[in-house]
Amino acid sequence: MSLLLTGGMGYIGSHTVVQLLDLGQDVVILDNLSNASEKVLERIEEITGKQPLFVKGDICNRDDLNRVFTEHQIDAVIHFAGLKAVGESNEIPLSYYHNNVSGSVTLFQAMADHNVKQLVFSSSATVYGEHNLSPLIETMPTSATNPYGKTKLMIENILFDLAKSDSEWSIINLRYFNPIGAHASGLIGENPNGIPNNLLPYVAQVAVGRLELLSVFGDDYDTPDGTGVRDYIHVVDLANGHVKALEKLSALSGCYAINLGTGNGTSVLEIVNTFSSVCGHEIPYQVVPRRAGDIATVFANAEKARSLLGWQAEYDLNTMIEDTWRWQSSNPEGY
Ligand code: NAD
Ligand code: UD1
């Protein structure tokens, strides 16, 4: 099978490329490197002994897309490319709507024109909005509170409409919970630009001495220790979820939303304590007020992925944090 991975140089994409190459699939990456380093390619080759084809290009650019679909016989697309910082999306919403929504529509149009109608899309648990109670299940109503989340919801809805209009399409919207961890080699991992927004990269940078102190956003939530609870999932498990989704696509018609989570919730303080025991020293932290837009508890009902894809998460929290620490401590400044 020959696969196009948009955004395949990024955090989740690069781990998925490794799984696919290990399975002997042909992979073409289209990435504009807006949030990725070209060094990822060498690292992928070091892990797998193979080089994926890399095209530097943009999903918003019809010529870049035509070139990829003309020069390569693509069977299916995994669409990771997008901007993903919630805070930034409030500041520059037009960039988010352009890059994520217009870029996706341009990609889907190019796919239709080249008769490629199998797609896996990177959605997010953010589409469950603020009002559903965990465990979150795919049949719950969706909503979004910030431009980033709205782009995910819009793209999901576009894909539901597209599949309704033409039964040749088979589409899976994978709703990721909180991906963390890194490849066990320590060669690829999450490499945020600037100060991290998300918990794990922040804790990892405190642990390695790049940042001084973690701010814990609120300890007065209605959770066992008062801090926010999330469903952290190993990025390699997440990558395997894409492999399973691809295997299923050719037997499906229509558009399906599927959660990729573990089904377990972990609090901020549990993360901090596990990280301390893995790295062997204390993680200094202070409790500060809640972050606007956060909710107390988010975790998945992971049953649909199990029944429809035959997938479930395998790695436990300790392994996720050991792998995060191996990546961070061997690449303290990132790539
Ligand atoms: P990432 O930023 O590491 O990867 C995204 C990649 O897309 C980057 O390599 C970037 O250079 C590329 N890209 C961005 N805009 C592009 C464009 N217009 N054309 C071509 N390439 C472009 O992010 P990630 O964490 O790997 O996330 C991948 C996808 O999963 C994103 O769509 C993100 O919204 C979604 N997602 C991520 C998380 C998470 O916590 N990491 C959670 C839920 C959903
Ligand atoms: C964030 C995004 C969400 C996105 C998800 C995965 C917001 C409001 N939401 O969610 O849309 O889908 O990432 O990319 O940004 N925390 C701290 N200190 C920190 C950072 C985080 O205490 O420095 C806490 C948070 O309050 C939360 C937990 O850690 O309880 C996890 O936070 P984070 O990693 O940002 O993920 P989400 O809040 O789930």
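Remember, it's a predicted structure, so these values are computed and weren't measured experimentally. Reckoned from all heavy atoms, side chains included, excluding hydrogens, waters and symmetry mates. Counting convention: from 1, in listed order, for ligands and their atoms alike.
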Asker: Enter the distance from H183:NE2 to H234:NE2 here, rounded to the nearest 0.5 Å.
Answerer: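 It is 9.0 Å, given to the nearest 0.5 Å.
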Asker: Which atom names give the shortest non-hydrogen contact between E138 and Y128, and what distance separates them?
Answerer: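 Shortest heavy-atom contact: CA-OH, 3.3 Å.
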Asker: H79 near ligand 1, heavy-atom distance under 4.0 Å?
Answerer: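 Distance cut 4.0 Å: H79 fails for ligand 1.
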Asker: Taking only heavy atoms of G57 into account, list the atoms of ligand 1 that are under 4.0 Å away from them.
Answerer: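 Numbered from 1, ligand 1 contributes 19 (N), 20 (C).
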Asker: Within the structure provided, determine whether W325 and V208 are in side-chain contact (heavy-atom separation under 4.5 Å).
Answerer: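 Result yes, sub-4.5 Å side-chain heavy-atom pair found.
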Asker: Among the heavy atoms of A125, does any lie under 4.0 Å from an atom of ligand 1?
Answerer: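 No.
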Asker: Say whether D31, considering both its backbone and side-chain N or O atoms, lies within less than 3.5 Å of an N or O atom on ligand 1.
Answerer: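 Among all N and O atoms of D31, at least one is under 3.5 Å from an N or O of ligand 1.
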Asker: Could you tell me whether the side chains of N259 and N301 share a donor-acceptor contact shorter than 3.5 Å?
Answerer: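 On atom types as modelled, these side chains do not qualify, holding no pair under 3.5 Å.
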Asker: Hey, which atoms in ligand 1 end up nearer than 4.0 Å to a heavy atom of A36?
Answerer: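 Numbered from 1, ligand 1 contributes 9 (O), 11 (O).
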Asker: Tell me which one of D231, N198, V272 gets a heavy atom nearest to atom 1 (C) of ligand 2.
Answerer: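 That would be N198.
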Asker: Hey, does T6 sit under 4.0 Å from ligand 1 if you only count heavy atoms?
Answerer: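 No, that is not the case, since the closest heavy atom of the residue is not under 4.0 Å from the ligand.
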Asker: Does G149 have a heavy atom less than 4.0 Å from any atom of ligand 2?
Answerer: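 Contact absent.
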Asker: Looking at ligand 2, does Y232 have a heavy atom less than 4.0 Å from it?
Answerer: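 The answer is yes, since Y232 has a heavy atom less than 4.0 Å from ligand 2.
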Asker: Among all protein heavy atoms in this structure, tell me which lies nearest to atom 11 (O) of ligand 2, with the distance rounded to 0.1 Å.
Answerer: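 Answer for atom 11 (O) of ligand 2: V86 CG2, 3.2 Å.
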Asker: Check ligand 1 against S122 and write out every atom of the ligand that is under 4.0 Å from a heavy-atom position of the residue.
Answerer: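 Result: 29 (C), 30 (O), 32 (O), 35 (C).
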Asker: Just to be sure I'm reading this right: ignoring hydrogens, which of G7, G149, S14, S123 gets closest to atom 7 (O) of ligand 1? Compare them by their nearest heavy atoms.
Answerer: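 The residue whose heavy atom sits nearest atom 7 (O) of ligand 1 is G7.
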Asker: Using distance alone, determine whether Y148 and ligand 1 share an N or O pair under 3.5 Å.
Answerer: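 Right, the criterion is met.
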Asker: For ligand 1, is there an atom lying under 4.0 Å from some heavy atom of G8?
Answerer: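 The answer is no: ligand 1 sits nowhere under 4.0 Å from a heavy atom of G8.
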Asker: Measuring from non-hydrogen atoms of S34 to any atom of ligand 1, is the shortest distance under 4.0 Å?
Answerer: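 True for this residue.
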